[in-house]
Protein chains: 2
Amino acid sequence: MAGKRTRKHSLVKRLDIHDVARHARVSIATVSRTINGVSTVDKELARRVWKAVRELNYFPNTHARALVSGRSRLLGLLVSEITNPFFPELVQGFEEVATQRGYEILIGSTNYDPERMKDCIRRMIERKVEGVAIMTFGIEGPLLEELAQRQIPMVFVDAAPQRALMSAIRVNYRQGIREGVQHLAVLGHRRIGFISGPLVQRSAEMRKAAFLESVREIGCDPPQEWVIEGDHTLEGGVAAMERMLQLPEIPTAVMCSNDMTAIGALRVLARSGIPVPEKMSVIGFDDIHLAEFVYPPLTTVRMARSSLAKAAVEALCCHVETPDQEPPRAVLAVSTSLTVRQSTSYAPSAGQEESATAINVGRSEKKQ
Amino acid sequence: MAGKRTRKHSLVKRLDIHDVARHARVSIATVSRTINGVSTVDKELARRVWKAVRELNYFPNTHARALVSGRSRLLGLLVSEITNPFFPELVQGFEEVATQRGYEILIGSTNYDPERMKDCIRRMIERKVEGVAIMTFGIEGPLLEELAQRQIPMVFVDAAPQRALMSAIRVNYRQGIREGVQHLAVLGHRRIGFISGPLVQRSAEMRKAAFLESVREIGCDPPQEWVIEGDHTLEGGVAAMERMLQLPEIPTAVMCSNDMTAIGALRVLARSGIPVPEKMSVIGFDDIHLAEFVYPPLTTVRMARSSLAKAAVEALCCHVETPDQEPPRAVLAVSTSLTVRQSTSYAPSAGQEESATAINVGRSEKKQ
DNA sequence: GGAGGCGTGGAAATCGTTTACACGCACCCC
DNA sequence: GGGGTGCGTGTAAACGATTTCCACGCCTCC
């Protein structure tokens, strides 16, 4: 009359470890040990267990696991906004490495809204994440405190608070930016400007410093008004370039702190009838997906976001898996390098005609 | 000598429902009832409980909750690849609505790899998701079976298998595509081509059908060779447009099944020295973020991916929360509409000079 | 003053694992 | 042959909530 068992929530029996044990004619402890790879289990029994798992299509319940083992195998990833073209590649890399290591990821999009940040952190704490990668700016102290109190490891980009369980991934900005500047130098540019990001952000500050250093290295020292602060948005790039064009004297090349800024700058130049790269060269930073598709395709410094993600996951796992030994506080993990496309060419002062004919040097795409 | 309590996994005491109960001077039953919003709880006690929760910074353990209640409050989202510009907006919308409803989301990127799909599904089953939105193509029957067996609701785009717990979100392709075709008609185009997606995909097939219907509505009937099958990738768009340009007679406008295809087409036209929109108009579909930034900015049919996401979450929640009543199998939830940018203008046959002067009709951007 | 109703508290069962501990067994050595 | 030794297995107790059951206190009303 009644079913074999009565269940509270559903009519179908959900498989559990007991079913597997019964099917393999062993105890649940043996099943658990087998699944968790304990090496002392007898080969024959292990074989029987795996066979049963396969036949029954058994998947262990992670909630029960997490509850008893205290390990959720969940990592949090906090980004500014997933629709910002900077992030998808980061998310992809993060997911890839995390799932490889048996972790699941919880994504939180802050949209720069403190309220949402708080909400994201709450969700992550509730789900008992074992670590959080903080890839957004302007997160507030109290929220970090919330995580720190619960001994949740955190990883940041560029700079982390000096505390236990917090580490930082360092990006070698100088490398790629220097390449970019030298690329311009080779093309004859001596008058090079810079549109920075918001200088309250450590990473923006570091990019600017790398630029200034590199440009001095080639013997240039741009006047202050050629170094304009933007905000890493397209609109910021527009505003900055508009200001630059109103200067009595303008540079022949402009480097930007990120690609969105550069794209904004390109837009102003197009509107103003200044052809790129003939009259002005532009270099971006990040190499977002978009960079390849704007007009002209943007020469930019590529930052491997997938390796950033990889480093972040590894730093977190390192904290989690060897909690006793203090891991390195900062990992210099991410390199940058120049990707030459079509927004850079010879400096116009080197002679219009010459640059017009030699315009395809160092490029590949448009030739075909 | 020893701490107040011994814990297995960490030295710090993790807050418990008992701690809250003690702090609020009530029983754990009352705490549970309060947190879960049982209405019979005395106001004053509830106040005390919430106060204790706040003061102690208590977050209920979701794993314990999930275990006993059988509800994980987790939804799965399966996408092709997060770096495909089509998806971030979808993910964002999904996250937004899901978290609003108290769900967390698990993202799986299949990268079109059957092995990875399998892995994603496994992860979702292990985590006991309460529903899965399947936003990728080419998922295989056995995998769906795996989910269906476990009574996990699923939602698809355009078309779902005819089974219980499965539903589909319908997109009104016709609406936007018709707008696009009529826009071209107004500009004097009579010779209109189409680059479709891979016709094995239901959604590609529907877009093509909508195009053919709309174009017949304006009294045109394009020859077969003007309707070319692409594959929804940039490379596919390139190949298709190359084929089209080799025809003895080419159309004056081409509509594409998605934006990536259109961008590929634009690239070929640029290379071939065919100015867009002067010699040929191009319309895309989707309105991905990129569309605004290519050259010329792409006129395209916008599909509100955030509302698609919203509909998907709602369909899943509907299954979950009212499992008894059969929900509507298909929800016509997503509308489409034309976004005019700069890749469309008058048909060249209407007179070169005239179109050159009138070229800014219906646009805004480049004027400023 | 007793009946009835309402809401709280205590205790216990439950969810599906992991894991400490005990136990059985074979082996080996004196 | 008896008694360690060691290995592998099974039993049972956690883990942290929800949920149910029942008793009990308190208030109200007759």
Side-chain angles (χ1 to χ4, degrees), chain A residues 5-10 12-49 52-53 56 58-73 102 125-128 130 150, chain B residues 5-10 12-49 52-53 56 58-74 125-128 130 150:
Chain A
R5 346 166 162 247
T6 58
R7 285 277 149 173
K8 208 174 6 176
H9 302 293
S10 73
V12 284
K13 167 73 176 85
R14 300 234 282 249
L15 281 174
D16 73 8
I17 200 172
H18 294 93
D19 300 306
V20 179
R22 201 173 318 120
H23 198 262
R25 287 165 293 132
V26 297
S27 74
I28 60 164
T30 300
V31 175
S32 173
R33 281 192 281 252
T34 305
I35 287 176
N36 290 291
V38 174
S39 58
T40 59
V41 178
D42 183 87
K43 297 266 183 250
E44 165 60 16
L45 293 195
R47 204 189 52 72
R48 289 221 305 264
V49 169
V53 166
L56 297 176
Y58 166 75
F59 294 96
N61 181 325
T62 46
H63 297 109
R65 277 181 170 209
L67 189 55
V68 61
S69 70
R71 303 213 31 202
S72 63
R73 304 207 69 90
I125 293 175
E126 279 185 352
R127 298 273 172 189
K128 298 267 177 297
E130 296 184 44
R150 292 175 169 76
Chain B
R5 352 168 159 242
T6 59
R7 286 275 151 176
K8 208 175 6 176
H9 302 293
S10 73
V12 284
K13 168 74 177 85
R14 299 234 283 249
L15 282 172
D16 203 49
I17 200 173
H18 294 93
D19 299 309
V20 179
R22 202 170 321 122
H23 197 262
R25 286 163 293 132
V26 298
S27 72
I28 60 163
T30 301
V31 175
S32 176
R33 284 192 277 250
T34 306
I35 288 176
N36 291 291
V38 174
S39 59
T40 59
V41 178
D42 181 88
K43 295 267 186 254
E44 165 60 13
L45 292 195
R47 204 189 54 70
R48 287 223 303 265
V49 169
V53 165
L56 296 176
Y58 168 74
F59 295 94
N61 182 325
T62 44
H63 298 110
R65 276 186 181 218
L67 193 54
V68 62
S69 69
R71 303 213 31 201
S72 63
R73 305 208 69 90
L74 236 34
I125 293 175
E126 282 186 350
R127 299 271 171 193
K128 296 271 177 295
E130 297 184 43
R150 293 176 169 75

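Chain naming here is simple, since letters A, B, ... match the order of the sequence lines and numbering starts at 1 in each.
The side-chain contact (heavy atoms from CB on, under 4.5 Å) search around Ile17(A) returns Ile28(A), Val31(A), Ser32(A), Tyr58(A), not counting sequence neighbours. In terms of the side chain to side chain donor-acceptor pair (under 3.5 Å) criterion, residue partners of Ser27(A) (sequence neighbours excluded) are, by chain and number, Thr30(A). For Arg47(B), the salt bridge (Lys or Arg N to Asp or Glu O under 4.0 Å) partners two or more places apart in sequence, or in a different chain, are Glu44(B).
Separation of atoms CG (Leu67(B)) and OG1 (Thr62(A)) is listed at 10.0 Å; rounding is to 0.5 Å.
At least one side-chain heavy atom of His63(A) sits less than 4.5 Å from a side-chain heavy atom of Ser72(B).
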Pairwise N/O distances under 3.5 Å, protein to nucleotides 6-8 of chain C:
| unit_1 | atom_1 | unit_2 | atom_2 | d |
| --- | --- | --- | --- | --- |
| dT8(C) | OP1 | Asp42(B) | N | 2.4 |
| dT8(C) | OP2 | Thr40(B) | O | 3.4 |

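Nearest nucleotide to the Ala29(A) side chain, out of dT19(D), dG10(D), dT17(C): dG10(D). Comparing dG16(D), dT17(C), dT18(D) against the side chain of Ile28(B) picks out dT18(D) as the nearest.
His63(A) comes within 4.0 angstrom of no nucleic acid atom, judged by non-hydrogen atoms across all strands.
Side chain of Asp16(A) to backbone of His18(A): a donor-acceptor contact under 3.5 angstrom is found. Side-chain atoms of Thr34(A) never come within 3.5 Å of backbone atoms of Val49(A) as a donor-acceptor pair (strictly under, hydrogens ignored).
Between Asn61(A) and dC15(C), a side-chain N or O to OP1/OP2 separation shorter than 4.0 Å is absent. OP1 or OP2 of dT18(C) lies within a sub-4.0 Å distance of a side-chain N or O belonging to Ser32(A). The side chain of Tyr58(B) places an N or O atom within less than 4.0 Å of a non-bridging phosphate oxygen (OP1 or OP2) of dA17(D).
In this structure, Lys128(A) places its NZ atom 9 Å from P of dG16(D), rounding to the nearest Å. Note: CZ (Arg25(A)) to P (dG10(D)) measures 11 Å, nearest angstrom. Per the geometry, CZ belonging to Arg73(A) stands 15 Å off C1' belonging to dT17(C), to the nearest Å. Atom CD of Glu126(A) and atom P of dG16(D) are 16 Å apart (whole Å). Atom pair Ile17(B):CD1 and dT19(D):P shows a separation of 11 Å (rounding to whole Å applied). For the pair Arg48(B) CZ and dG9(C) C1', the interatomic distance rounds to 13 Å; values are reported in whole Å. The interatomic distance linking Leu67(A) (CG) with dT19(C) (P) rounds to 12 Å, in whole Å. Note: NE2 (His18(B)) to P (dA14(D)) measures 13 Å, nearest angstrom.
Legend: salt bridge (Lys or Arg N to Asp or Glu O under 4.0 Å) pairs involving residues 26-39 of chain A, not counting sequence neighbours: none detected.
Comparing the end axes of the helix from dG1(C)-dC30(D) to dC30(C)-dG1(D), each fitted to five base pairs by superposing C1' atoms of four pairs onto the next four, gives an inter-axis angle of 50° (nearest 10 degrees).
Contact between Phe59(B) and Lys128(A) at its shortest, heavy atoms only, is O-NZ, 4.2 Å.
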